[in-house]
Structures are given as C-alpha cells and as structure tokens.
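Here is the structure we will look at, set down as structure tokens.
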Number of protein chains: 2
Amino acid sequence: MDKKSPIEITLTERDDAVTITQWVYQTLRYAVMNGQILPGRALTIRELARILDVSPMPVREALRQLAAENALEIQGNRRVMVPRMTAMKFNELCEARIAIESHAAARALPYIDATRLNQLRELDHLIDVAQEQGDLEQVSILNQNFHRALYTANPHQVTLPLIESLWLQLGPFMRLATSKLEEHYLIDRHNEAMSAIEKQDAFALQLAITADIREGIAFAGTPELLHSFIEQSTHAVN
Amino acid sequence: MDKKSPIEITLTERDDAVTITQWVYQTLRYAVMNGQILPGRALTIRELARILDVSPMPVREALRQLAAENALEIQGNRRVMVPRMTAMKFNELCEARIAIESHAAARALPYIDATRLNQLRELDHLIDVAQEQGDLEQVSILNQNFHRALYTANPHQVTLPLIESLWLQLGPFMRLATSKLEEHYLIDRHNEAMSAIEKQDAFALQLAITADIREGIAFAGTPELLHSFIEQSTHAVN
DNA sequence: AAACCAAAAATGTGATCACAAACCTTAACC
DNA sequence: GGTTAAGGTTTGTGATCACATTTTTGGTTT
C-alpha cells in the first residue's frame with residue numbers, strides 16, 4: 001500500500017437528521033475542496049466505505065453526485081479521481097468565476113436590503129479578525145460565505161450552484177494559493193464592494209468582485225508556483 | 001390514477017456499450033429537456049423503473065445525477081420532481097445564459113480554426129434547412145449543437161457543463177417558446193456570429209450570441225404566453 | 001534484465017431485500 | 001360537512017450479493 005498514498009479525511013460528527021449519503025457527500029466534498037485528496041489518485045468505493053465506516057452504497061451515490069458537479073472526474077475505465085489541473089484550465093476557471101460572479105452580484109444588487117447589508121458587514125468584520133489571527137482556512141470559509149450571502153440576496157438566484165461548482169474545481173488548488181498568500185498584503189475589496197452596494201452602483205460592484213477574485217488568486221501572477229503545483233498534480237500517483 | 005398523470009417517455013435503443021445507468025440518465029434527461037415530464041409531477045424510482053423496464057438501482061443513480069445538475073429538484077420529503085418555473089426565475093436563467101455563453105464564446109474565439117469554422121457553417125446551413133421544413137425540434141437540437149461547437153473550440157473549456165445545466169433548466173419551457181415562434185420571423189444571428197469570428201471580433205461575437213439567445217426566447221416579450229404556461233406549471237399536480 | 005502473459009484479486013454495476021419514514025385511504029368525531 | 005386520527009400501502013434509504021470487467025500480481029520467455 002505504498003503506491004496508493006493514504007487518504008486522510010476529516011470526519012465530522014454524523015447527525016441523525018441527515019441521511020448517510022448526505023453525510024458522506026458533505027465529508028467527501030469538504031475533503032476535495034481542501035485538497036485532502038491528491039488529484040489523479042484513484043478513488044474506489046470500497047476503500048472510501050472502509051475509511052468512512054459506511055456501506056458502499058452511500059459512497060456510490062455521493063461519488064456520482066460529486067462527479068456531476070465536476071468535483072470529481074469519471075474516467076473511461078470507470079475510475080473516479082480528483083481532476084488534474086493545468087495552467088490553462090486554472091486560468092479558464094478563474095475567468096469563468098469572474099464572469100459569472102460579477103453577473104450574479106449585479107443581479108443581486110437591487111435586492112440587498114438593510115438586513116442583508118448588515119450581514120455582509122458582519123462577515124467582512126469576521127474576515128478581518130480571522131486575517132489578523134492568521135487563520136487562513138477560516139478566512140477562506142468566511143470569504144465564501146461573504147460571496148454566497150451577496151449572491152443569494154437575489155431570491156430568484158439560479159447561478160449559485162454553478163458558482164459552487166467552480167469553487168469546488170478550484171478548491172484543491174486554492175489551498176496552495178492562500179498558503180503562499182500569507183505574506184501578501186491584501187487590500188480589502190469587500191469594503192469597496194459594500195460602498196458600491198450602498199450607492200447601488202452595479203458597475204462598481206462588478207469591479208470590486210472582479211478585483212476580489214483576482215487577488216484571491218494573485219499567485220497566478222507568479223506562474224512558477226502554480227506550475228510547480230500543477231506538475232505535482234500531474235505526476236501524482238498514476 | 002387521475003392525479004398522477006401518465007408519463008410518456010421516448011425510449012431509445014439501448015446500446016450494450018453504455019451502462020444501464022447511463023442509458024436511463026440519457027433517456028430521462030431527454031424527457032426532461034423536452035418537457036415530457038410535467039413540472040411538479042412527483043417522480044418515484046419504482047415507477048420509472050417499471051416504465052423503463054430496468055431495476056430501481058440505475059434509476060436511483062440517474063435521478064441523483066440529474067438532481068445534481070439542477071434538472072430535477074429534491075424536496076425535503078425526498079420527493080423528486082421537475083422544478084416549477086416562475087417568470088422571474090425564467091428571466092434569471094436567460095440572463096445567466098447570456099452572461100455565461102457570451103463569455104464562453106469570447107474565450108473560444110482565438111481557438112477557432114478553419115476546420116471548426118467549416119463545421120459551424122455546416123451546422124448553420126442545416127439549421128436553415130430544418131427551419132424551412134418547419135422541423136422545430138430539429139432546429140432546436142441543431143441550434144444547441146451550433147453553440148456547443150462554438151464553445152468547445154476552446155480546448156480548456158470549463159463552462160460547458162454549466163451552460164448545459166442552464167439549457168436543461170430552460171428546456172421544458174423553451175418548447176412552448178418554439179411552438180409559438182413558428183410564425184415569428186427569425187433573423188439569422190448565426191451569420192452575424194460567424195462574420196464576427198472571421199474578423200476575430202470578440203465584442204461583435206458576444207453581441208451576436210446575446211441576440212441569438214434573446215431571440216430564441218423572444219416570446220418572453222409576450223408575457224401572457226409565458227405567464228399562462230407558468231400558471232399551468234404552478235397548478236400542475238401538487 | 002525487460003517484456004509479456006496468465007492467474008488471482010479487486011472493482012463497478014446492477015439486483016434483491018429489509019426497514020423506517022412518508023403518503024394515501026378510511027373511518028370516527030367535532 | 002369538514003377535520004382529524006389510525007390503518008395499510010408505497011416510497012426512499014441502505015445493506016448485501018452476484019457477476020462481468022478491470023487491475024494487479026507472479027511467473028515465464030526472449
């Protein structure tokens with residue numbers, strides 16, 4: 001069992017309110033999003049079932065669902081793995097995020113009321129706190145919550161599932177970004193976003209969101225880091 | 001069995017090369033996309049399994065996959081159905097299509113070579129032929145193929161799955177559109193798109209794609225038709 | 001020593017079964 | 001008559017099993 005690198009998945013408490021399949025889905029989703037599973041590493045139903053201590057059935061369903069969201073890739077061999085990344089694909093994912101999320105932000109703008117604005121302010125504040133404490137994982141989670149809170153202001157929202165799919169695909173590789181980003185001084189684009197919201201200025205909001213996304217992946221400007229990780233991903237367990 | 005309206009699904013030949021699950025998935029997907037299943041109608045695994053003459057297992061997996069693509073909706077009761085439509089949601093889906101597809105088109109533009117251009121020309125011609133023959137279903141299919149051929153020119157394409165998800169969600173309600181659109185004279189936006197491609201003019205291409213999408217759903221300009229169908233969808237089998 | 005091939009182990013797919021929760025029907029009751 | 005409560009039925013979930021295909025292994029040949 002050397003070639004098959006061990007998989008370490010953070011297990012959360014299983015709530016009886018959710019089905020086993022849902023719990024497995026959430027667990028695997030978190031593992032994928034945080035790069036706990038090496039891209040290219042073959043995932044087998046029975047192995048995951050052993051790790052998670054459930055029967056193969058819920059794992060089957062969860063894997064299929066994650067594959068449908070492009071978080072996992074099913075090869076012709078019917079083998080499942082986290083997709084490998086390339087520099088070009090990474091770039092396309094980022095540009096897609098910008099296109100869709102700035103659209104979603106503009107569409108949500110008219111629906112943002114005082115309550116929502118306060119919620120955004122609070123999240124922004126929590127992000128600052130987490131940033132000062134250097135808790136990058138928390139920053140990442142809160143940042144997602146901020147974006148989600150913004151887009152879901154639109155009660156007829158239809159793009160969030162698409163956006164989450166992009167987050168899932170970028171997730172494993174963003175971890176690398178944030179870990180190197182520690183030294184990088186971050187301008188708070190969320191403040192810009194919120195002043196744009198107060199002014200109901202859609203264009204300014206789109207600019208702020210675009211800048212926020214671009215800076216979150218600023219390390220893409222240092223291609224050698226991205227390249228090194230992508231190489232790692234490419235040469236991983238075949 | 002009056003409340004439970006019968007489901008009529010077009011069955012295609014089952015190819016032994018694909019798994020039963022895949023076949024069921026394709027069959028159900030086609031049925032959803034073409035509005036063969038009434039929005040709100042509760043879908044049960046065993047019923048579909050009887051109709052498709054397969055065991056419940058492949059149906060289970062196919063339903064979960066379609067739900068992950070937002071083609072179906074899983075309610076809290078764990079019941080599965082085609083999501084109901086609202087006028088606002090319809091509008092959001094259309095605007096999302098425009099945002100994402102014009103982005104995808106611009107991103108694909110630099111990769112379009114002579115071969116791809118010829119392929120697009122041929123599809124455009126086939127659409128004209130089908131249009132003259134009044135075969136609206138064929139027009140719809142070919143139109144999708146045209147868009148797909150355009151976006152997939154980009155070898156690092158990541159947005160097509162998202163776009164197809166939007167198509168799936170709009171599908172059941174587009175049928176109504178095209179059926180009323182027969183009388184409507186359609187300007188051929190594909191020609192505009194292709195001349196923009198030849199000039200490598202990204203902005204013009206985006207305008208052409210936007211116009212093409214907007215006209216494909218032109219009936220949204222006649223709100224009463226949309227509204228009537230949405231009402232039908234809303235008041236369908238509870 | 002590297003390449004090839006057959007046997008053995010492991011894997012995904014699909015079927016069937018058990019069970020608890022949800023749904024529908026029926027009957028009693030206000 | 002409309003509402004509620006309890007019964008039986010149907011449904012989704014999850015477990016287990018069988019089988020064909022794939023992957024790995026171990027031995028053989030060039």
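Just so it is clear: chains get the letters A, B, ... in the order the sequence lines come, proteins before strands, and each one is counted from 1. Below, each value reflects all heavy atoms present in this structure, side chains not excepted, and no hydrogens, waters or symmetry copies.
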Gap between atoms [atom1] and [atom2], on [X] and [N] respectively (whole Å):
X: Gln65(B); N: dT13(C); atom1: CD; atom2: C1'; value: 14 Å
X: Leu48(B); N: dT10(D); atom1: CG; atom2: P; value: 17 Å
X: Met81(A); N: dT23(D); atom1: CE; atom2: P; value: 13 Å
X: Arg50(A); N: dT16(D); atom1: CZ; atom2: P; value: 15 Å

Polar-atom pairs under 3.5 Å, protein N or O versus N or O of nucleotides 12-15 of chain D: list them with distances, or write none.
residue, atom, partner, partner atom, Å
dG12(D), OP1, Ile45(B), N, 3.3
dG12(D), OP2, Ile45(B), N, 3.1
dG12(D), N7, Arg46(B), NH1, 2.8
dG12(D), O6, Arg46(B), NH2, 3.2
dG14(D), OP1, Ile20(A), N, 2.3
dG14(D), OP2, Thr21(A), N, 3.3
dG14(D), OP2, Thr21(A), OG1, 2.4
dG14(D), N7, Arg60(B), NH1, 3.0
dG14(D), N7, Arg60(B), NH2, 2.9
dG14(D), O6, Arg60(B), NH1, 3.3
dA15(D), OP2, Ser55(A), N, 3.4
dA15(D), OP2, Ser55(A), OG, 2.1
dA15(D), O5', Ser55(A), OG, 3.4

For [X], side chain to side chain contact (heavy atoms under 4.5 Å, CB included) partners two or more places apart:
X: Thr159(A); answer: Ile100(A), His103(A), Ala104(A), Gln157(A), Ile163(A), Ala96(B)
X: Asp53(A); answer: none
X: Asp15(A); answer: Ala17(A), Val18(A)
X: Ala105(B); answer: Leu150(B), Tyr151(B), Leu205(B), Ile209(B)

Per-pair distances, 0.1 Å, donor-acceptor, side chain in residues 59-66 of chain A, under 3.5 Å, sequence neighbours excluded:
residue, atom, partner, partner atom, Å
Arg60(A), NE, Glu61(B), OE2, 3.4
Glu61(A), OE1, Arg64(B), NE, 2.8
Glu61(A), OE1, Arg64(B), NH2, 3.0
Glu61(A), OE2, Arg60(B), NE, 3.4
Arg64(A), NE, Glu61(B), OE1, 2.8
Arg64(A), NH2, Glu61(B), OE1, 3.0

Any luck finding a side-chain donor-acceptor pair between Arg116(B) and Thr152(B) under 3.5 Å? yes
